[in-house]
Amino acid sequence: MIELYTCPPEGATVVCADELGPVIPRTFPPAPGWSPDGHRIKSEVDYGRGPEKTWVYGALRVRDGHQVTMAASSRNSAFYQQFLQKVEAANPAGDIYVVTDNLSSHNSLSTRTWLEDHPRIRHVFIPVGACWLNLQEGWWRIFRKAALAGQSFAGPPEIEHATRLATSQLNARAKPWIWGRPAPPTRQLRHRYTYTV
């Protein structure tokens, strides 16, 4: 699988795919007012989490660092197939190798049947417990800082808007993702001087 990152097949596109979530909207009560004598009213910290969960699907194109994202209300085969359609539309030429984990929706009967009608898309499953082989995990870290850190969302539309905005901003400054650690900088030795008296 590392060969897909280091030397992909001629004319093919390597894409790392994964899901992030659930991102849960939270609603906070209004701020407490002031008492008649001018003191602030203290209240318990209280917030509620709504039943609406949002999953963010993401696919990182390794050769140039561009990302395709999609927000969905569930993590199932139907939404995964919709997401694969977006990935296929974003990569119109050549075979597409999708590096992903062994989630049941990625390997379900309906997904395998759908893939038969889309022969350009080929799944490459990472081994169980080796999520570090999926470069999408590193992109999620950058995405969380750009879109989710310190935010409180009132509902799924706000999560979807933040996802679209952060993806477009990160794609504007995207760079290729290179497998492996860069070589350490070469160290130049200082000139050694000898002093004589």
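Along the sequence shown, residues are numbered consecutively beginning with 1.
A 4.5 Å side-chain heavy-atom check between Val99 and Tyr5 finds at least one atom pair inside the cut-off. Side chains of Leu4 and Val124 form a contact here, defined as non-hydrogen atoms less than 4.5 Å apart. Using a 4.5 Å heavy-atom cutoff, the side chains of Cys16 and Trp177 are not in contact. A 4.5 Å side-chain heavy-atom check between Trp179 and Leu135 finds at least one atom pair inside the cut-off. Residues Val14 and Val98 have side chains not in contact (no heavy-atom distance under 4.5 Å, counting atoms from C-beta outward).
By the rule that hydrophobic residues join a cluster once side-chain heavy atoms approach within less than 4.5 Å of another member, Ile142 and Val56 end up as members of one cluster. Residues Ile2 and Ile178 are members of separate hydrophobic clusters, defined by side-chain heavy-atom contacts under 4.5 angstrom among Ile, Leu, Val, Met, Phe, Trp and Tyr. Placement of Val128 and Leu103 in two distinct hydrophobic clusters is found when ILVMFWY residues are connected by side-chain heavy-atom separations under 4.5 Å, directly or transitively.
For the ring pair (Phe, Tyr, Trp, His ring centres under 6.0 Å) test, no residue two or more places apart in sequence or in another chain qualifies with His66. For Thr54, the side chain to side chain contact (heavy atoms under 4.5 Å, CB included) partners at least two apart in sequence or on another chain are Ala71, Pro156, Ile159. Checked against salt bridge (charged side-chain N to carboxylate O under 4.0 Å, His left out), Arg120 has the following partners two or more places apart in sequence or in another chain: Glu88. In this structure, the ring pair (Phe, Tyr, Trp, His ring centres under 6.0 Å) partners of Tyr57, at least two apart in sequence or on a different chain, are Phe83. Residues satisfying the ring pair (Phe, Tyr, Trp, His ring centres under 6.0 Å) test with Trp55, not counting sequence neighbours, are none. Partners of Lys86 under the side chain to side chain contact (heavy atoms under 4.5 Å, CB included) rule, at least two apart in sequence or in another chain, are Val68, Met70. For Glu137, the side chain to side chain contact (heavy atoms under 4.5 Å, CB included) partners two or more places apart in sequence, or in a different chain, are Asp18, Cys131, Asn134, Trp140. Taking the side chain to side chain donor-acceptor pair (under 3.5 Å) definition, one finds that Gln81 meets it with Ser110, Thr111, sequence neighbours left out. In this structure, His161 has no ring pair (Phe, Tyr, Trp, His ring centres under 6.0 Å) partners at least two apart in sequence or on a different chain. With sequence neighbours excluded, the residues that form a side chain to side chain contact (heavy atoms under 4.5 Å, CB included) with Ser74 are Asn76, Phe79.
Summarising the geometry, atom CD belonging to Glu19 is positioned 6.0 Å from atom OG1 belonging to Thr100; distances are rounded to the nearest 0.5 Å. The CD1 atom of Ile121 lies 6.0 Å from the CG atom of Leu115; values are rounded to the nearest 0.5 Å. Note that the OG atom of Ser104 and the CG atom of Leu109 stand 12.5 Å from one another [nearest 0.5 Å]. Atom CG of Leu170 and atom NZ of Lys175 lie 12.5 Å apart (nearest 0.5 Å).
The aromatic rings of Trp139 and Phe143 sit parallel to each other, their planes meeting at less than 30°, with 60° as the upper class boundary.
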Which is it for Leu148 and Val23 under the side-chain contact (heavy atoms from CB on, under 4.5 Å) test, yes or no, and what are the steps along the way? CA-CA 9 Å; Leu148 305 178; Val23 181; 4.2 Å; yes
Could you walk me through whether Val62 and Val15 pass the side-chain contact (heavy atoms from CB on, under 4.5 Å) test, one step at a time? CA-CA 6 Å; Val62 177; Val15 171; over 6 Å; no
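A side-chain donor from one of Thr13 and Arg63 sits under 3.5 Å from a side-chain acceptor of the other. For the residue pair Thr167 / Thr69, a side-chain donor-acceptor distance below 3.5 Å is found, with atom types taken as modelled.
Asn171 places a side-chain N or O within donor-acceptor distance of the main-chain N or O of Gln67, the cut-off being under 3.5 Å.
The stretch residues 92-118 participates, sequence neighbours left out, in these salt bridge (Lys or Arg N to Asp or Glu O under 4.0 Å) pairs: Asp95-Arg122. Residue pairs that meet the salt bridge (Lys or Arg N to Asp or Glu O under 4.0 Å) test with at least one member in residues 147-165, sequence neighbours left out, are Glu160-Arg164.
Between Ala12 and Tyr97, the shortest heavy-atom distance links the atoms CB-CE1, 3.6 Å. Summarising the geometry of Ala174 relative to Gly65, their closest heavy-atom pair is CB-O, 3.4 Å, with the distance given to 0.1 Å.
Taking the ring centroids of His106 and Phe125, they lie at or beyond the 6.0 Å cut-off.
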